Structure formats: structure tokens, C-alpha cells
Amino acid sequence: MSVDILEGLNEAQRTAVTITEGPLLIIAGPGSGKTRVITHRIAYLVREMDVPPWRIMAVTFTNKAANEMRQRLFGKSDEDPSAPLFDQRSRAQELTVRTFHAFCATVLRRFGHYIGLDQGFSIFDTDDQLTLVKAAMEEEGLDPKYFPPRAILGVISRAKSNLKDAQSLLLGADNAFEEGAGRVYERYQELLHLNGAVDFDDLLMRTVELFQRSPDTLEYYQERFLHLLVDEFQDTNVAQYELSKQISDLHKNICVVGDPDQSIYSWRSADVRNILDFKKDYPDARVVNLEINYRSTGKIIKAAKSVIASNRHRPDKDIRASRDEGKPLVVYETYDTEEEAYFAVTQISNLLRRKDFNLSDCAVMYRTNAQSRAMEEACLHRGMPYHVVGGIKFYHRAEVRDIIAYLRLINNPGDDVSLQRIINKPRRGIGNKSLDMLQDLGREHESPIYPLLRPLGKRKKGEPVPYGLSSRLVKPLTSFVNLMEDLRDGAAEMGTVKLLDKLLRGINYQEFLRAAGEDWEDKWENVRELRRAAGEYDGMEVGEGLTAFLEHLALVAEVDSLDETTDAITLITLHQAKGLEFPVVFIIGLQEGLLPHMRSMDDPEQLEEERRLFYVGITRCMDRLFLTRAFRQRGYRGEGGVGIPSRFLRDVPSELVAEVPQIVGSRYGGQSFPDFSSGEASVARRQRATSAVRVGSAGVNGAGTGPDKDGEAPAFKEGDRVRHGVFGEGLVLKTAGQASDREVTVVFREAGVKRLLLSFANLKKVES
DNA sequence: TTGGATCGGCTTTTT
DNA sequence: GCCGATCCAA
């Protein structure tokens with residue numbers, strides 16, 4: 001009773017599903033049914049080609065995407081015949097659907113001993129990495145003032161992503177910085193080894209290394225995986241590319257899927273050439289283009305195409321809309337970031353009132369995580385349910401990290417970074433001085449600290465103290481060792497939850513939190529959340545559960561328990577939104593400096609990536625797209641500046657954009673918003689509401705016409721009396737410039753002389 | 001050793 | 001404006 005796998009697929013999609021032999025490159029434009037093709041392809045392999053599921057590997061970019069794919073394959077419920085593989089549900093476990101990082105972690109756990117990795121190795125995250133970099137820099141005598149540790153870490157990470165070791169980095173160094181980074185890299189690797197740890201980049205790099213040094217291991221995987229599928233191939237780095245090649249080298253059935261126009265991770269060493277040059281490395285590769293977009297309205301597609309067309313370095317490809325034109329887009333300027341948030345919330349409730357959409361249809365997207373804050377506040381204030389995707393990582397919280405550090409040390413006694421974090425937490429009288437001493441001791445013996453201390457646990461009274469530790473430290477250190485040994489014994493005989501309870505009791509953590517701060521209850525709740533997560537690993541074999549739990553914590557950034565079934569607005573970064581779709585999308589903060597981001601503005605390549613990011617955002621939208629910006633931008637330090645409209649807005653053709661309709665919306669601080677919910681441009685009649693003067697230049701530029709295309713911008717001349725939304729009344733002193741950057745100098749009664757760009761200042765002529 | 005106070009630096013996106 | 005590192009006094 002299963003559906004025909006090929007039913008409902010267009011010709012290109014069918015081709016992509018049914019070419020099962022040899023290398024295959026699928027260029028999949030946004031909304032072209034990519035996930036559908038991948039899942040149906042897997043189903044086709046299993047059901048039509050009789051490939052056992054355990055011999056198929058599908059690699060995704062995020063854990064979320066992996067889960068999503070599993071769900072699409074097997075259906076949301078047990079009885080979901082629309083899922084291509086639902087009748088094979090029992091074989092679900094056999095498929096390998098994972099991220100590169102998670103897959104590599106598994107490989108290294110199993111075969112890492114061939115390259116000197118212990119089974120229980122720790123996985124270091126960015127914070128841990130930074131700790132090690134700083135330590136390595138100190139040993140190498142590098143001043144963090146001149147060599148920012150983060151930058152050094154960036155160089156190391158990039159090198160690793162490109163499969164370069166310290167030696168080749170040093171050889172290729174042509175300045176002091178790179179040379180320093182090379183030296184740090186060398187020592188950093190040693191420290192990782194000492195800690196019995198790998199970092200994120202090592203997961204990939206060292207797996208490549210393992211496959212090179214242990215042909216048997218490679219062969220095992222090569223034999224096993226008849227088919228390899230890599231999603232989001234435009235965002236793979238050199239290491240991931242190499243891994244794909246290694247794994248598929250025997251059967252050559254490698255299918256990669258991606259879209260160069262959606263490459264947004266070059267900052268993480270992703271190399272778009274992997275997809276662009278795929279044909280070079282695999283000359284016999286077949287190529288399928290999926291160009292028909294089933295997701296978005298015609299107007300949205302037009303806007304997306306117009307935006308991406310401004311990129312100079314892009315492949316020759318097209319997307320075609322299949323839906324009707326749809327409603328006009330909305331481009332709107334608000335006074336400041338807060339008002340922008342209220343605007344979005346207001347529009348969403350207008351839309352809800354018409355019953356066309358519900359809350360979970362709506363997403364608000366932004367460039368930086370920090371921008372979620374204003375949105376959250378507006379939602380809270382208006383009583384709108386929302387959920388923030390990602391954001392402050394759960395595992396990032398201090399209390400959670402403390403507990404994880406304990407668990408890591410239990411699991412891996414060599415994990416010095418964790419030891420340093422918790423040896424005096426709660427206070428045991430082992431302060432910085434003592435820790436320094438212990439670190440020196442470790443360095444002296446080229447050993448992690450904990451193993452050196454362990455003899456203290458078995459020491460009888462009167463026996464000599466090892467390493468001449470000062471008598472003052474013997475007591476606290478001994479009790480610390482006893483605690484840890486007790487917990488390590490516990491880890492060998494009890495499940496993760498019981499172990500966690502034993503730990504929490506052993507260090508009296510609840511008391512520790514209570515004594516430490518006011519919001520200790522929240523923190524304790526986070527610890528309990530961690531305990532809940534540990535429950536998932538309770539059933540596993542004792543000893544394996546802890547390792548698996550820690551790996552999960554390291555590789556799964558967020559608690560994805562936030563169920564998507566509840567009706568709520570989604571707040572999400574543009575990066576994380578990749579691969580998702582929503583009927584209603586707001587992209588907020590369309591100002592220079594935010595999108596494109598400041599850090600990307602002076603490099604043309606990075607600027608193009610920012611544009612792709614905007615393109616990704618636009619193409620997430622199915623029906624109603626809102627693009628907003630704030631006139632005043634809150635800076636990081638104190639006074640905010642004026643937000644210049646993002647250059648990307650100029651690429652949104654004005655004929656796709658709704659005019660600002662009459663103001664009937666609800667109020668915010670005396671501010672009314674027009675109601676765009678009907679999406680009918682014809683009703684729109686721009687209204688000059690003096691009370692709503694802070695709607696700002698919405699009527700001038702907010703309609704997305706782009707300053708230079710707007711013939712209606714009021715012409716000001718010297719001597720005109722004008723009114724500005726913020727500065728009040730004033731007199732035009734002079735005007736200069738053309739079109740988009742037409743500038744007026746105005747002397748205001750109160751605010752003094754200001755030079756304003758007509759394109760975003762809200763100036764109104766005052767008749768007198 | 002610890003806790004408080006002050007200074008200074010930086011400020012994106014994520015496995 | 002915030003967080004972290006650093007300094008200083010008890």
C-alpha cells in the first residue's frame with residue numbers, strides 16, 4: 001500500500017531520483033523540491049534497487065536537517081503512507097543520516113586508536129579551544145594584545161579545514177602573525193593530545209588522517225556505503241570534500257546536492273568551488289538542474305532573482321516560478337528597532353485576524369542573534385507566543401557547563417580544561433595560585449593534571465605527599481580526588497541520570513547555586529533540564545551512555561526539544577533559516593552594517609555572501625514577505641546612529657512592493673501602523689498623517705522604490721521650512737547631491753544644524 | 001584566597 | 001553597553 005515513488009515528481013526531479021549509478025550533481029534552486037528529491041531517491045534505492053538501508057549514507061549540514069530528513073522518509077506518524085519509506089519504518093535505524101561531524105565522531109570513537117586517540121576522547125568546543133590557544137600562546141611567549149587569541153584560533157581552524165598541519169602553515173607563513181599562528185598551532189595540537197581531546201575541526205581532519213593511515217578502516221566504510229549523498233554541498237569545506245571522496249571512492253556512487261547561490265558559510269571555510277568544480281573531479285558526473293520553484297509566489301521569485309542578479313560571481317542558472325504572482329511585498333521603515341519589532345508583531349496579528357495564517361506560519365529573520373531581543377520583548381508585551389531558534393545555546397550557560405565539565409572529567413581524566421573549570425567550584429580553597437602550580441607540575445611531567453593527583457586518593461596517613469605538594473593543598477586535593485574517584489566508579493556501574501544525581505549531591509550543587517546568586521532557581525532548572533536530557537542515554541550500556549551523552553552535548557548545539565507543534569512565531573537567524581520555509585517571512589534590520597554586516601562590507605567577496613544570505617532569506621518565503629528597517633539604529637556603545645538603508649533594498653524592484661495603505665493599525669507609543677494584511681495594493685492610498693510622522697520615510701523610500709527611482713520625493717530648496725520626525729521644525733540651508741544621496745542641510749530650532757540624506761530622513765515641507 | 005571594583009576592549013553567522 | 005580580565009584590599 002505504498003505510493004509510487006516517482007508520482008508527482010517533475011521530469012528533472014525524476015531524473016535526479018532515478019540516476020543511481022555514478023557521480024551525480026544536483027543543482028537545486030530554492031524551493032525546487034530538493035528534500036523531496038533526496039528522500040525519494042533514498043526510497044527509490046531501497047525499494048526499487050534493493051539497496052539495504054544500512055549501505056546508504058546521507059550527510060546533512062545540521063542535526064536539525066538530519067532529523068527533518070528522517071521524518072520526511074518515515075513520516076510523522078506510524079501510519080503516514082505519503083512518506084516514501086514509511087513501510088520500511090522498522091529499518092529506519094539502519095540508514096546513516098548524520099552530519100559530517102557526528103559521523104566522524106563515531107568513526108573516531110571506534111577506530112581512533114589507530115591514530116592514538118582514546119575511546120573516551122573529549123570534544124572541545126570554541127570556548128575550550130580558546131582556553132588551549134591562550135595556554136599555547138603563553139608557552140610560546142606570544143602577547144595576546146598583538147595576537148588576538150580568537151584570530152589565531154581562526155587561522156588554525158581554517159588551516160585544519162583545509163587539511164593543513166602546523167608544519168605547512170609555518171612553511172607558508174609570510175608574516176609574523178601567520179608564523180605565530182603556526183607555532184601556536186603546533187603546541188595547541190600537543191595540548192589537545194595531552195587532554196585526550198579533539199576540536200570540531202579535528203573531527204573532520206583526523207578522520208581523513210585515520211582513513212589515510214589505516215586503509216583497512218577506510219575500506220570498511222567504502223565497502224559498506226554503496227551510496228553516499230551529501231546535502232548542502234556548496235557549504236562543504238576541503239576536509240568534508242575529501243571525506244566524501246574517500247568514502248565514495250570504491251563504488252563511486254556519490255550524489256551531491258546544493259546551490260551555489262545559497263553558499264553562506266565561507267567564513268567557516270566552506271569552499272563553493274567544491275560544487276562549482278565538481279565536474280572537474282568527477283568528469284563522468286551527470287548534472288541535473290532543479291529550477292522550478294514550487295514554494296514562493298511570482299513576486300517573491302522576481303525579487304529574489306533581482307537581488308541575486310547583482311552578484312558578479314555566480315553560476316549561470318535560473319529559477320522559475322510556478323505559482324501565481326501573489327501579493328505585493330511590503331517594505332517598511334520604522335523609527336527604531338523597538339518600533340520595527342512592534343511593526344512585525346502588529347502585522348502578524350493583522351494577518352492572524354484574517355485567518356489566512358496562524359502563528360507557526362510566521363517567521364522573523366535577522367542577521368545577528370542579538371536582534372532577537374527586541375522581537376522577544378515585543379512578543380512578550382503583546383502576549384504573542386514565539387520561540388527563538390538557536391540563540392543563546394543551552395549548553396553555553398555557566399551552570400550547565402560546570403556540570404558538563406564534571407562529566408567530561410569523569411569520562412576522560414586527561415581533560416585538563418574541564419578540570420581547571422571545576423577544581424575550585426564549589427570553593428575548595430584551590431585558588432589561582434594553586435592551579436598555576438598544578439599546571440606547571442603538569443607541564444613538567446608532560447601529563448594532564450588529574451592523573452598526577454590520583455595517588456592522593458590511596459595515600460595512607462604518614463605516607464609522603466607526591467610531587468612535594470604543599471601541605472595546605474593536600475586536604476582539599478585529596479577530597480577532590482576522592483570525590484572524582486567515587487564518581488568514576490559510579491560511571492562504571494550506573495546510568496547517566498543516577499550518576500548525575502550522585503554528582504549533584506556530591507558537590508551539593510543546588511546549595512552552591514543558591515549561595516551564589518539571585519536567579520539560582522532558573523539555573524537549577526537548567527541543571528534539571530540537563531538531567532532530563534541525560535535520561536535519553538540512561539538505557540544505554542553502562543559506560544557507553546556517558547560518552548554518548550557528552551558527544552550529543554558537544555555536537556548538538558541546542559535543545560531541539562522545543563517542539564514545533566506549538567503555535568508560535570519563529571525567531572531565527574538568516575543562517576539557521578537555510579533549508580526552511582514559511583508562509584510569512586519578515587526580514588528585519590535591513591540597514592547597512594547589519595545586512596550587509598559591518599565586518600563584511602569592505603570585501604567584495606564577503607559582500608556577495610551577505611547578498612546570498614539575503615537571497616536565502618527571501619526565498620524562504622512562500623506567500624507574504626515583509627522587509628523592514630529602522631531609521632535609528634542602536635549602536636553597541638551608548639548613542640545609536642542613523643541606520644542607512646541596506647543597499648540590498650535597492651535590488652528589490654519597486655513594482656513588486658505594496659504602497660503604504662491607510663493607517664488603521666494598533667498603537668505603539670502613540671504610533672499607528674498601516675495594515676498590510678490584505679495585501680491589496682489597490683486599496684493603498686498613501687496618507688499623510690501628521691500624527692504618524694514617525695512612520696518616517698515609508699512614503700518616500702519605504703516603499704522600496706529605491707531612492708533614485710522615486711520621482712515623488714519632495715524637492716526641497718533653500719529657505720524651505722521643514723519638519724522632521726525627531727528634530728522638529730527647521731529651515732533648509734542648502735541642498736546638494738543627486739537622487740539617492742541627495743543631502744539637505746537644515747538648521748533646526750532645537751537640534752541645531754543637521755545634514756540629512758533625503759533618502760531616509762523623514763522631512764516634510766511645512767507651508768507657512 | 002577571595003571578593004569587589006575598575007579598567008579596557010570588542011561587538012556575525014555555527015558544527 | 002556588556003563582559004571579561006585585571007588589580008587591589010581584606
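Each chain gets a letter, A, B and so on, in the order its sequence line appears, and its residues count up from 1. Worth saying up front: this structure is predicted, and the values here are computed from it rather than measured.
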Side-chain donor-acceptor contact under 3.5 Å, A/Q129 with A/D199: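 Judged by distance alone, the side chains do pair up.
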Distance-only polar pair, side chains of A/D402 and A/Y509, donor-acceptor under 3.5 Å: yes
Taking the six-membered ring of [Y], is NZ or CZ of [X] closer than 6.0 Å to its centre and within 45° of its axis?
X: A/R428; Y: A/F480; result: no
X: A/R268; Y: A/Y265; result: yes
X: A/K425; Y: A/F512; result: no

[N] [atom2] sits how many Å from [X] [atom1], rounded?
X: A/D436; N: C/dT6; atom1: CG; atom2: P; answer: 11 Å
X: A/K134; N: C/dT6; atom1: NZ; atom2: C1'; answer: 13 Å
X: A/L153; N: B/dT14; atom1: CG; atom2: P; answer: 16 Å
X: A/R150; N: B/dG9; atom1: CZ; atom2: P; answer: 16 Å
X: A/D603; N: B/dT12; atom1: CG; atom2: C1'; answer: 15 Å
X: A/L130; N: C/dA5; atom1: CG; atom2: P; answer: 9 Å
X: A/R611; N: B/dT13; atom1: CZ; atom2: C1'; answer: 18 Å
X: A/I156; N: B/dT15; atom1: CD1; atom2: P; answer: 21 Å

Identified stems (criterion: three or more consecutive Watson-Crick or G-U pairs, under 3.5 Å), DNA chain B: B:1-10 with C:1-10
Can we say [X] and [Y] salt-bridge, meaning some charged N sits less than 4.0 Å from an Asp/Glu carboxylate O?
X: A/D201; Y: A/R206; result: no
X: A/D651; Y: A/R611; result: yes
X: A/R421; Y: A/D415; result: no

Nucleotide N/O to protein N/O under 3.5 Å, stretch nucleotides 1-5 of chain B:
residue: B/dT1; atom: OP1; partner: A/G431; partner atom: N; Å: 3.4
residue: B/dT1; atom: OP1; partner: A/S434; partner atom: OG; Å: 2.5
residue: B/dT2; atom: OP2; partner: A/N424; partner atom: ND2; Å: 3.2
residue: B/dG3; atom: OP2; partner: A/R427; partner atom: NH1; Å: 2.4

Side-chain N,O ([X]) to OP1/OP2 ([N]) below 4.0 Å:
X: A/T62; N: B/dT14; value: no
X: A/Q576; N: B/dT14; value: yes
X: A/N369; N: B/dT14; value: yes
X: A/R268; N: B/dT13; value: no
X: A/K578; N: B/dT14; value: no

Enclosure of A/E140 CD (heavy-atom neighbours >12, cutoff 6.0 Å): yes
Whole-Å P distance, B/dT13 and C/dG4: 16 Å
pi-stack flag for A/W267 and B/dT13, centroid dist under 5.5 Å, interplanar under 30°: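 Check passed, A/W267 stacks on base of B/dT13.
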Sugar-phosphate, base or nothing in reach of A/F100, heavy atoms under 4.0 Å: nothing
Out of B/dT15, B/dT13, B/dT11, whichever nucleotide has its closest atom nearest the side chain of A/H101: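 Nearest to the side chain of A/H101 among the choices is B/dT15.
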Minimum-distance nucleotide to A/T99 side chain [options: B/dT15, B/dT13, B/dT12]: B/dT15
Ring center gap for A/W267 and A/H597 short of 6.0 angstrom: no
